Structures are given as C-alpha cells and as structure tokens.
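Below is one structure, written out as structure tokens; the observations come after it.
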Number of protein chains: 2
Amino acid sequence: MPKQVDYETRRRHIAEAVCDLIDRHGPEGATLRDVAQQAGVSMGAVQRCFATKDEMLAFALHRITERITAQGHEEINASTAKESAVTLLTATLRTLALIEPHQRRDARIMAAFTAHATAIPSLAEILRQAHAKTRDLLAWLIRYGQQTGEFRDDLDAALEAETLLPLVEGLTALALLGHRPTVPAHDTLTRRIDGLLMQPSRPGRSASSTAIV
Amino acid sequence: MPKQVDYETRRRHIAEAVCDLIDRHGPEGATLRDVAQQAGVSMGAVQRCFATKDEMLAFALHRITERITAQGHEEINASTAKESAVTLLTATLRTLALIEPHQRRDARIMAAFTAHATAIPSLAEILRQAHAKTRDLLAWLIRYGQQTGEFRDDLDAALEAETLLPLVEGLTALALLGHRPTVPAHDTLTRRIDGLLMQPSRPGRSASSTAIV
DNA sequence: GCTGATATGATGCAACCGCATCGGAAAGTT
DNA sequence: AACTTTCCGATGCGGTTGCATCATATCAGC
C-alpha cells in the first residue's frame with residue numbers, strides 16, 4: 001500500500017487556510033489556488049479533499065460555527081457551577097458577539113459566509129443550525145438563572161433567547177463595520193441582561209452593576 | 001456638441017440593475033457585463049458612468065441605504081402627527097428590519113454589501129453613516145415618545161437606540177437566512193418596545209398589546 | 001451641409017477562475 | 001528487487017473577469 005494520509009486532519013488544516021484567506025482578503029479571497037498555497041499543499045491535494053469548492057466552504061463554515069459555539073459552552077463548563085447565572089450569561093454573550101479585537105477574524109469570516117449563504121442553500125442550512133444551537137444555549141442559561149432565583153421567573157426563557165440572538169448577531173455586524181456606538185457594545189449586553197434580573201437596577205448604573213471580570 | 005445624456009439618471013438606472021443582480025445571483029453576480037445587460041445599456045456606457053467597479057458598487061450602496069432610511073422617515077412623515085409614538089416606532093422598526101417578504105430583496109443586498117465592506121473601506125464608511133442615521137432616527141422617536149408621555153422618561157433614549165439598532169440588524173440577517181424563530185420577528189420587536197412603555201404590559205400578552213395596523 | 005467634438009458599443013487583452021487530467025513519486029506486498 | 005496500488009504536484013482547458021482600446025454614430029455650431 002502506498003503512503004497513507006489522515007484526510008480528516010488535512011481537511012481541517014485546509015479549512016483553517018480558507019478562514020485565514022477570507023479574513024485577510026475578504027470573501028473573494030478563498031480561491032482554490034490561494035487556499036492551497038496558504039495551506040502549504042498543492043492544488044491537487046485540496047481537490048482530493050473536497051470534491052468541489054462549495055463543499056470546501058461548507059466544511060470550513062461548519063468548523064468555525066462549531067468552534068464559536070464551543071467557545072460559548074466553554075464559558076459554562078469552565079465555571080464549575082460556582083459562578084452566578086448572570087456572570088455566565090454575560091460571559092457567554094460577550095463571547096458569542098465577537099466584539100473583542102481578537103475575535104475580529106471570526107467576525108469577518110461569519111459575515112462573509114452569511115452573505116455567501118444567500119446564494120448557496122447548503123451554507124444557509126449550516127448557519128441556521130448554528131443559530132438554533134446558540135438560541136437554545138441562551139434559553140438554557142436564562143432558565144438556569146431562573147432556577148437560581150437571579151432572573152425573573154415570569155419571563156419566557158425561549159422568548160428572551162429569541163431576542164438575545166438577533167441582538168448578538170447585530171452587534172457582531174456593527175462591530176465588524178467599525179460602527180462607533182454611543183455606548184460600548186458590551187454595555188449594551190449588560191443593560192439587556194439587567195432587564196432579566198429579579199431586582200433590576202435603575203438606569204444609569206445598570207451597566208456597571210453586573211460588571212464582571 | 002454631440003448628444004447629451006443625463007448621467008445622474010443613468011447612474012441611478014445602472015445602480016438599480018446592480019441591486020437586481022445582487023439580489024438574484026448573490027454578491028458575485030454583479031459583473032460589469034451582466035450589469036450592462038440588466039440595465040439595457042452597453043458595457044462601455046457603464047464604464048463611462050463609473051470609473052471603476054468599486055465606485056459603481058459604492059454608488060449603488062449609497063442609493064439603497066438612502067432608500068431604506070427614507071422609508072423609515074416616511075413612516076413618520078406620513079403620520080401627520082396624529083399617531084402615537086408607539087405606533088410610529090413599531091412601524092419604523094418593522095420597516096428597517098427588512099423582515100417582510102417584499103423586503104427580502106433589500107435584505108439580500110444589504111447582507112452582500114456588509115460582507116463586501118469587510119474588504120473595501122469606502123463601502124464600510126457608507127454603511128457606518130447609514131447605521132448612525134438609523135440610530136439617531138430611533139433615538140429621536142424614543143425621545144418623542146417620552147414627550148408624549150408614552151415612554152418611561154427615566155430611559156436614556158440614546159442608549160435604548162443603541163440597543164435597538166443591533167437588534168434590527170440581527171433580525172434582518174436571521175430572517176434572510178431563513179431562521180425559524182420560536183416567536184415571529186415582529187413580536188420580538190413589539191416585546192422590546194414594551195420595555196420602553198410607561199406602564200409595561202405583563203409578559204404573555206405583551207406582543208398583542210401594542211399590535212398595530 | 002459641412003465640420004469636429006463627443007458619446008457609443010463592440011472588441012481585445014491579460015489575468016484569473018474552478019475543474020479535469022496525467023505522468024510519476026512513494027510505500028507496502030511478495 | 002520487482003510489482004502494484006495509492007497519492008501527489010503540475011499542467012491544461014474552457015470560461016469569465018475587470019479594464020483598455022478604437023472605429024463608428026450622433027449632434028451642436030457655422
């Protein structure tokens with residue numbers, strides 16, 4: 001038998017190259033040739049890993065959505081249950097909103113894929129599933145906060161999560177474009193979380209009242 | 001002197017063709033040849049109107065952002081001041097969120113330009129200005145509602161507007177991808193508006209309590 | 001009714017795209 | 001060592017891209 005190769009590892013490596021190029025040169029930058037060069041392999045290797053370019057993009061998108069949602073779960077699992085639901089939800093939202101400078105790469109990639117998904121249904125499906133997962137995660141966090149008595153139990157967790165999801169997505173897009181908000185994006189999130197609290201703090205000090213880390 | 005043509009009119013006509021193509025064939029569909037054919041003019045005519053393709057895209061983006069914000073203002077001007085601030089804000093948000101089927105075209109175009117703006121600063125600047133205008137419009141509406149006594153006057157209108165803006169943007173993106181929310185997007189908006197009310201309705205009937213039209 | 005400036009549309013061009021193909025290198029079996 | 005099978009990198013191909021060029025059609029002024 002000839003030389004054997006771990007295709008799954010290679011696929012992941014190529015997917016990383018795809019993300020790098022989309023980040024640096026925009027949505028159009030991910031050509032097969034450039035991807036191959038970025039990944040340090042030949043163009044033929046890329047073609048053997050993915051039957052078509054769309055398949056390559058779909059794999060890369062699946063990878064990055066899983067990575068982002070995994071980061072969201074990390075915030076929870078790493079807490080060892082000793083942290084409050086407010087802290088958990090705040091940290092999770094900040095992670096998912098991709099507003100920190102070090103998350104700019106992920107934000108650009110997601111924006112590029114969102115626009116591309118307009119024309120490619122398979123990509124749209126991946127994004128839909130990712131958003132549904134995120135929403136369910138947020139709903140779970142809210143219910144958890146209700147159990148701990150931190151959040152108002154007259155709230156419908158599913159409804160609140162359905163509001164937080166577009167808020168997070170919108171913050172990502174605005175931050176990516178360099179939108180200069182009158183108030184920092186993370187304050188917008190904490191203000192929103194205040195609305196969930198059992199004893200909401202009064203406006204004016206709400207942003208700092210739930211400050212974390 | 002030879003035949004004279006109204007260049008501004010032609011530029012607008014071509015910009016419309018650009019939007020049509022982006023809507024139908026995605027962000028990549030706006031090639032010079034296809035744009036010319038869609039507009040019913042020759043390729044040379046397109047090139048004479050715009051020095052470069054990016055300039056053409058920037059003009060088209062400027063046009064569509066102005067059109068969308070104008071629709072937002074229309075909701076207000078057409079009201080002859082006899083409508084409540086709640087009704088006005090609700091109608092404006094629904095218009096700007098681009099969630100109705102007939103707005104799908106605008107939503108796709110905006111998504112495509114948002115992703116493209118990642119790589120082209122001039123486009124990003126246009127979008128930044130558009131978002132700032134939208135935010136200021138929302139802040140104005142909230143202050144108006146505070147004057148009429150409909151909205152809580154302990155709220156900072158600017159802060160609330162800074163929350164509504166990403167919410168609207170996020171709803172646009174999610175609706176475009178075909179996200180199936182557990183609750184309709186326009187209910188999410190009305191629920192959010194409820195939070196601004198002087199006497200907020202209790203959860204469970206909030207969505208219907210501010211129903212309009 | 002010339003004349004000449006100007007708008008026009010077709011064509012050319014170099015570069016790049018995604019995808020297909022193919023000769024040969026590499027590795028395990030006998 | 002010879003063979004077979006799998007993988008690899010390079011090259012080719014048809015098509016498309018944005019942009020430049022150029023002969024022609026068109027109209028105001030004399």
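Since this is a predicted model, take the numbers as computed values, not measurements. A note on names: the letters A, B, ... follow the listed sequences, proteins ahead of strands, and every chain is numbered from 1.
Here dT17(D) presents its C1' atom at 12 Å from CD of Glu28(B), a figure rounded to the nearest Å. Nucleotide dC8(D) holds its P atom 14 Å from the CZ atom of Phe50(A), rounded to whole Å. Rounded to an integer number of Å, the gap from Leu21(B) CG to dG18(D) C1' is 16 Å. In this structure, the CE atom of Met43(A) is 9 Å from the P atom of dC19(C), given to the nearest Å. At whole-Å resolution of the value, CZ in Arg10(A) and C1' in dC7(D) are 9 Å apart. Rounding to whole angstrom units, CD1 of residue Ile14(B) and P of dG9(C) are separated by 11 Å. Following rounding to the nearest Å, Glu55(B) (CD) and dG18(D) (P) show an atom-to-atom distance of 15 Å. Rounded to whole Å, atom P of dC17(C) lies 11 Å from atom CD of Gln37(A).
Across the interface with DNA chain C, nearest-nucleotide mapping of Gln47(A) and Thr31(A) shows Thr31(A) to be the residue nearer the 5′ end.
Of the residues in residues 118-125 of chain B, not one comes within less than 4.0 Å of DNA chain D through any heavy atom.
Under the 4.5 Å side-chain criterion, counting only non-hydrogen atoms from C-beta, Thr95(A) is in contact with Gln103(A).
With dC8(D), dG9(C), dC17(C) as the choices, the nucleotide that has an atom nearest any side-chain atom of Lys53(A) turns out to be dC17(C). The side chain of Leu32(B) lies closest to dG18(D) when the candidates are dG18(D), dT8(C), dG12(D). Checking dT8(C), dG9(D), dC19(C) against the side-chain heavy atoms of Ser42(B) singles out dT8(C) as nearest. For Tyr7(B), the listed nucleotide lying nearest its side chain is dT8(C); candidates were dC8(D), dT11(D), dT8(C).
A distance-only check finds no donor-acceptor pair linking the side chain of Thr172(B) to the backbone of Ala107(B) [under 3.5 Å]. In this structure a side-chain-to-backbone donor-acceptor pair under 3.5 Å is missing from Gln38(A) to Ala17(A).
Between Thr52(B) and the phosphate of dC19(D), there is a side-chain N or O to OP1/OP2 separation shorter than 4.0 Å. Here Arg33(B) does not reach the OP1 or OP2 of dT11(C): none of its side-chain N or O atoms lies under 4.0 Å away.
In this structure, a donor-acceptor pair under 3.5 Å is absent between the side chains of Thr87(A) and Thr90(A). Side chains of Glu162(A) and Thr182(B): a donor-acceptor N/O pair is present below 3.5 angstrom, by distance only.
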| request: Determine, step by step, whether Asp23(A) and Arg104(A) satisfy the salt bridge (charged side-chain N to carboxylate O under 4.0 Å, His left out) criterion, reporting the C-alpha distance in whole Å, the side-chain angles of both residues, the deciding distance to 0.1 Å, and the verdict. | output: CA-CA 9 Å; Asp23(A) 170 41; Arg104(A) 185 170 173 81; over 6 Å; no
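The aromatic rings of His131(B) and His179(A) lie perpendicular to each other, with more than 60° between the two planes, well past the 30° mark.
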